[in-house]
Amino acid sequence: MEREPDTMGFTTTFNIWNERPAMYHWLQRLFTGTPKDEEAEAEAPPPPAPAMTPPPAPRPAAATAKGSGIPFDHADLAERLYHAWLFGIEGEASLDLTAEEAEVLGALEAILNTQQSGAAMVRRMPGLIPQLLQSLRSESFSGAQISKTISSDLVLVAAVTRLANNSMQGSGKSIDSVEHAIIVIGQEGLRHLITSVAFRPIIDLNSGHYTRLLAPRIWERSERCANANRALAPELGIEPFEAFLAGLVQNAGLIVALRVMDQVSKGAPGMGSEFFCARLAQLARALSCSIGREWNFPEAVTQAISEQGTTAKGASVSPLGRLMALTDYMSKLRVLVEQERIEYDDPKLFSGLPALAPRCYEAVQPVEDIA
């Protein structure tokens, strides 16, 4: 499938609708399978409730708490170790800010100071994705037609086939066609998968050094966090869909920053000092919040992303903000363990964590391992 050339050497498929005020609600309906004609649904008489089985009481939302739940020293060490791996730095990173790093930070500050969101640097989602999601809203969707549509996008073909094969592990069988993969995944699984792909950056072979090196690593961890957020949200009284979106969009600003880094560096490596990484994380977070607001995401999502920069002792953090802090931290640790940068039982990183931490560590497994 041919894609429109990108002058920056980078193509992304983040989800932006032309009708921005309705964007979030439209995606939510597609994601959850809510019927399109809500007015007709509202006019229909509700089905009778079971005679002897009252509906379960809704789980109360978790209360706003103090702090992220992650010890500051732990979070700071994990951040530094993760950035060293992310930038491919062996040993300790330099403390000194280079001229190129200062130029990148200045450019990102200029975007924020001129009240731009950075969304203009995130390309619009191809029409294929909303077309597929729209088809999946029908209970009688055509697997043959959807498989034909998916077959025109190699990224979707790879994602659908991989997920279906994971689902069939141990059965002795394998996927022999896209249509077969769709049958194995099912309507709901396909809807979740396509929603993720709608946000996924696609790395062009002509991308600059930092996009090629960092974007796949950043996005893979974003997907881990999004899946873990969605899995753990219900028992915490958090809306799973909002938690999922927050995990996906939290690094949108960082993806924007990569394009600036490629432009400034002209393809040459050399960035990654500790001061640069710390400031880059702050500015990228602000850009993610700004992009989320421009895309009309729920306030809970942008608030939770903003709270990831909260370091003041005793500062209030929302339930989603605390969940994001935990999945972000545990995903960094898991990546570092997998890359043999740290030991799993390192007390400087794994002690004094919330009770949910062990389950969260399991939930942030690599995406390809999720059946």
Side-chain angles (χ1 to χ4, degrees), residues 8-10 12 70 72-112 118 121-122 201 203-225 250-289 291 305 308-309 311 325 328-343 346 348-349 364 366:
M8 293 297 297
F10 181 58
T12 57
I70 309 298
F72 175 81
D73 290 345
H74 288 37
D76 180 64
L77 177 58
E79 187 86 348
R80 287 188 284 110
L81 291 173
Y82 175 75
H83 280 142
W85 169 77
L86 186 65
F87 280 85
I89 296 173
E90 297 295 336
E92 294 188 2
S94 170
L95 296 174
D96 298 327
L97 190 69
T98 68
E100 287 185 341
E101 290 175 337
E103 185 176 349
V104 170
L105 297 179
L108 296 177
E109 289 169 351
I111 292 175
L112 292 167
M121 298 179 69
V122 182
I203 312 306
D204 191 302
L205 292 177
N206 295 320
S207 300
H209 169 77
Y210 289 104
T211 295
R212 287 197 308 270
L213 176 66
L214 275 63
R217 298 178 176 184
I218 292 168
W219 180 254
E220 197 270 344
R221 196 173 68 83
S222 295
E223 287 189 298
R224 294 193 193 206
C225 290
Q250 64 181 332
N251 288 316
L254 194 51
I255 297 296
V256 168
L258 296 183
R259 301 185 66 186
V260 176
M261 292 164 62
D262 283 336
Q263 186 177 33
V264 170
S265 68
K266 296 179 174 58
M271 299 188 194
S273 71
E274 287 195 8
F275 182 87
F276 173 73
C277 289
R279 183 59 179 153
L280 177 66
Q282 295 173 345
L283 294 172
R285 188 180 303 114
L287 281 170
S288 294
C289 292
I291 291 170
I305 295 173
Q308 302 313 296
T311 57
D328 178 74
Y329 180 76
M330 298 310 294
S331 64
K332 287 174 182 172
L333 296 194
R334 181 146 186 166
V335 167
L336 291 170
V337 169
E338 291 165 359
Q339 297 298 320
E340 300 183 346
R341 293 283 186 131
I342 63 172
E343 298 293 333
D346 187 340
K348 297 190 299 295
L349 293 165
V364 293

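Both backbone and side-chain heavy atoms feed into the values below; hydrogens, waters and symmetry mates do not.
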Subject >> Nearest heavy atoms of P366 and E220, plus distance in Å >> reply: CA-OE2, 3.7 Å
Original post:
Any donor and acceptor pair, going by atom type alone, linking the side chain of Y210 with main-chain N or O of M271 inside 3.5 Å?
Top reply: yes
Original post:
Which value, rounded to the nearest 0.5 Å, describes the distance between L336 atom CG and E343 atom CD?
Top reply: 11.5 Å
Original post:
Hey, what do you get for CZ (R259) to CG (L254), rounding to the nearest 0.5 Å?
Top reply: 13.5 Å
Original post:
From L214 CG over to I255 CD1, what is the distance, rounded to the nearest 0.5 angstrom?
Top reply: 8.5 Å
Original post:
So, for Q250 and C225, which heavy atoms are closest and what is the spacing to 0.1 Å?
Top reply: NE2-CB, 3.4 Å
**OP:** Using modelled atom types only, decide if a donor and an acceptor are shared between the side chain of Y82 and the backbone of Y329 within a distance under 3.5 Å.
**Re:** no
Subject >> Residues R279 and Q282: side-chain donor-acceptor under 3.5 angstrom >> reply: yes
Subject >> Minimum heavy-atom distance L287-G253, with the two atoms named >> reply: CB-CA, 3.7 Å
Original post:
Which atom names give the shortest non-hydrogen contact between H209 and P269, and what distance separates them?
Top reply: NE2-CB, 3.4 Å
Subject >> Plane angle bin for H83 and F87 - parallel if under 30°, tilted between 30 and 60°, otherwise perpendicular >> reply: perpendicular
**OP:** Could you go through the side-chain contact (heavy atoms from CB on, under 4.5 Å) check for L86 and V335 one step at a time?
**Re:** CA-CA 10 Å; L86 186 65; V335 167; over 6 Å; no
Subject >> Inter- and intrachain pairs under salt bridge (Lys or Arg N to Asp or Glu O under 4.0 Å), touching residues 94-105, at least two apart >> reply: none
Original post:
Should L333 and D346 count as side-chain neighbours, where that means a heavy-atom distance under 4.5 Å?
Top reply: no
Original post:
In Å, rounded to the nearest 0.5 Å, how long is the span from CG of N251 to CD of E223?
Top reply: 11.5 Å
**OP:** Might you point out which heavy atoms bring A252 and S288 nearest each other, and give the distance in Å?
**Re:** N-OG, 3.5 Å
Subject >> salt bridge (Lys or Arg N to Asp or Glu O under 4.0 Å) partner of E338, the single match among R224, R217, K332, R221 >> reply: R224
Subject >> Spacing of R80 atom CZ and I89 atom CD1 [to the nearest 0.5 Å] >> reply: 12.5 Å
Original post:
When rounded to the nearest 0.5 angstrom, what is the spacing between CG in D76 and CD1 in I70?
Top reply: 13.5 Å
